[in-house]
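Report on the structure given below.
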Number of protein chains: 2
Amino acid sequence: MISVVLVDDHLVVRSGLRALLSTQPDIEVVAEASSGENGVATVLEHGPDVVLMDLAMGAGIDGIEAIRQLRTRRPKQAVLVFTTYDSDADIVRAVDAGAMGYLLKDAAPDEIFAAVRGAAKGQSHMSAPVASRLFQAMRNPDEALTPREAELLTLLTQGLSNKELGKKLFISEATVKTHLAHIYAKLGVDSRASAIAKALRREGMR
Amino acid sequence: MISVVLVDDHLVVRSGLRALLSTQPDIEVVAEASSGENGVATVLEHGPDVVLMDLAMGAGIDGIEAIRQLRTRRPKQAVLVFTTYDSDADIVRAVDAGAMGYLLKDAAPDEIFAAVRGAAKGQSHMSAPVASRLFQAMRNPDEALTPREAELLTLLTQGLSNKELGKKLFISEATVKTHLAHIYAKLGVDSRASAIAKALRREGMR
DNA sequence: TCCCGTCTCATCCTTTTGGCTGATACGGCC
DNA sequence: GGCCGTATCAGCCAAAAGGATGAGACGGGA
């Protein structure tokens, strides 16, 4: 019998998963949680074979952070990410945090079952679209912005001017422009407008 | 007995909703669909009292368009939007298309039941966060971009320059600048960077 | 030790953008 | 017919952004 804990802030998703998994004789949902904090506590309490974890979780810590906390408290815990979107950044962060697999919410039931059974045995699983994105992200290390550049890009997406960026980061406008030039090159764009567009679409919105 | 049709591309969401609604003696899910096209057909076939419709639907027509089509074919059909995000644009568009209510996926079960029963009687229902956003959107009619301006804004978020915008829209750069100035004023920003940031955050990503 | 990546800054020059003012044209609406 | 919103265009000027190049400081790794 494979015991499973569900962590998702949407009640309908939890009900759906529970209904789906209950059709399988060898899988049992032993507990649910609706927030990251709660999820960590629930998992520690029940010690399930597999955790199905959403990433976006309203208030409080998100799924990534929850996975990270679980990793330190219970390193061998199998966690499957189960989420709607497959943004590059999320995938990389989740894998980095120690997720054993990454399922999309529109996955076929059989894929979900297989992933749960696999995770219980220590095998990792990736939804096909996710795998291809991860592959692409690894193949494209150009996009590896330096910490400083990432910081700048974040502020850039808030619409700040070079002058404002300089003030906020305590550097001269010249330095801002240097960083921007590097960012543009790495993102493969040639204007701040495109950079913002690319950055905002890459993070989050599918 | 209130008959309901579910339209959502996520199987777990449909299962969850079905499980949830099945606990109510006076509500029955008579059919499900996993795409906009299919949803329209299914609704026309079954003629349910209430439709629960997701907005984002992967490929094909989205929930808004599905509602719009239903509106022309069956003007009195009660449709409740049931979605994850509450972006201003989506809410306005959904209400505009003829949605009878707007529920968020993290709504409490009782709220969902009440909304379904209300919709069956012709009453509209808004989740609290949605209502406040709608109110804000109405109170702020400045944001009402003209069709042309909206078109420009869309292209703007793709990172195009004024020259490129002009070419693509068959207008002079001068006209582009005029439109942009109006857009900036309406969005309350003063640079294309901020406009892009605002536009991309307003649409979609919560 | 020397090299390389990172972060910092500067100068010069070109292109792009933004702000302002004013103008024409078309289509509704009172 | 006059008014208003929308869409179109022009010219002018100042500010911002982008491209090219060079360079100093610091730290880690070969």
Side-chain angles (χ1 to χ4, degrees), chain A residues 89 92-93 96 137-202, chain B residues 89 92-93 96 137-202:
Chain A
V92 172
R93 289 197 310 145
D96 210 60
M138 314 245 307
R139 201 201 46 180
N140 239 5
D142 329 73
E143 287 201 18
L145 300 180
T146 69
R148 195 54 158 173
E149 285 163 1
E151 201 179 348
L152 238 125
L153 183 56
T154 303
L155 292 175
L156 193 65
T157 63
Q158 266 141 60
L160 302 191
S161 69
N162 290 349
K163 193 171 297 186
E164 292 169 319
L165 289 172
K167 273 191 188 169
K168 191 148 286 194
L169 296 176
F170 304 108
I171 56 180
S172 80
E173 218 179 313
T175 306
V176 170
K177 290 172 76 170
T178 303
H179 284 308
L180 284 182
H182 292 159
I183 292 174
Y184 296 166
K186 289 183 181 177
L187 293 186
V189 300
D190 58 358
S191 75
R192 74 169 45 214
S194 313
I196 293 172
K198 189 152 232 170
L200 284 180
R201 285 190 218 276
R202 193 174 60 159
Chain B
V92 172
R93 288 197 311 146
D96 212 60
M138 312 247 306
R139 200 199 47 178
N140 242 3
D142 328 74
E143 286 200 21
L145 300 180
T146 68
R148 196 54 158 173
E149 286 162 0
E151 201 177 349
L152 241 125
L153 183 55
T154 302
L155 292 174
L156 193 63
T157 63
Q158 265 140 60
L160 302 192
S161 70
N162 290 348
K163 193 171 299 187
E164 293 169 320
L165 290 171
K167 271 192 190 167
K168 189 149 286 195
L169 296 176
F170 304 107
I171 57 182
S172 79
E173 219 179 312
T175 306
V176 171
K177 291 173 73 171
T178 304
H179 284 309
L180 283 182
H182 292 160
I183 291 174
Y184 296 165
K186 290 182 181 176
L187 293 185
V189 300
D190 56 359
S191 76
R192 77 169 46 211
S194 312
I196 293 172
K198 188 152 232 168
L200 284 179
R201 285 190 217 278
R202 192 174 63 159

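Every chain is numbered from 1, with letters handed out A, B, ... down the list of sequences.
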Could you tell me if the side chain of [Y] sits less than 4.5 Å from the side chain of [X], heavy atoms only?
X	Y	result
B:Asn162	B:Leu165	yes
A:Leu187	A:Leu153	yes
B:Arg192	A:Ile196	no

Looking at every heavy atom in both [X] and [Y], which two are closest together, and how far apart are they?
X	Y	result
A:Ala195	A:Leu156	CB-CD2, 4.1 Å
B:Leu169	B:Arg148	O-NH2, 3.2 Å
B:Ser194	A:Gly159	OG-O, 3.2 Å
A:Thr157	B:Ala197	O-CB, 3.1 Å

Within residues 165-179 of chain A, residues whose heavy atoms come under 4.0 Å of DNA chain C
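Heavy-atom cutoff 4.0 Å gives A:Ile171, A:Ser172, A:Ala174, A:Thr175, A:Thr178, A:His179.
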For A:Lys167, enumerate each residue passing the side-chain contact (heavy atoms from CB on, under 4.5 Å) test, keeping only those at least two apart in sequence or located in another chain.
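Listed in chain order: nothing, the list is empty.
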Output the rounded distance in Å from [atom1] ([X]) to [atom2] ([N]).
X	N	atom1	atom2	result
B:Asp190	D:dA16	CG	P	10 Å
B:Glu149	D:dA7	CD	P	6 Å
A:Ile183	C:dT8	CD1	C1'	15 Å
A:Tyr184	D:dA20	OH	P	14 Å
A:His182	D:dG18	NE2	C1'	13 Å
B:Leu180	D:dA16	CG	P	18 Å

Would you tabulate the side-chain donor-acceptor contacts of residues 176-183 of chain A under 3.5 Å, counting partners in other chains and residues two or more places apart, or write 'none'?
from     : atom 1 : to       : atom 2 : distance (Å)
A:Thr178 : OG1    : A:Ala174 : O      : 3.1

Where the side chain of B:Thr154 meets the backbone of B:Ala150, is there a donor-acceptor pair that is under 3.5 Å apart?
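At least one qualifying donor-acceptor pair exists.
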So, does B:Glu164 use its side chain to make a donor-acceptor pair with the main chain of B:Ser161 at under 3.5 Å?
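Flag set: sc B:Glu164 to bb B:Ser161 pair under 3.5 Å.
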Please determine whether side-chain contact (heavy atoms from CB on, under 4.5 Å) holds for the pair B:Val189 and B:Tyr184, giving the CA-CA distance in whole Å, both sets of side-chain angles, and the decisive distance to 0.1 Å.
CA-CA 5 Å; B:Val189 300; B:Tyr184 296 165; 4.0 Å; yes
Review item, nucleotides 26-29 of chain C N/O atoms under 3.5 Å of protein N/O:
none

Under-4.0 Å side-chain N/O to phosphate OP1/OP2 contact, A:Arg192 with D:dA17:
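Indeed, a polar side-chain atom of A:Arg192 lies that close.
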When the axes are fitted on five pairs at both termini, how much does the helix from C:dT1-D:dA30 to C:dC30-D:dG1 curve, in 10° steps?
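Its terminal axes enclose an angle near 30°.
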Give the residues of residues 155-163 of chain B touching DNA chain D, defined as any heavy atom closer than 4.0 Å, sorted by residue number.
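Within this stretch, nothing sits under 4.0 Å of the strand.
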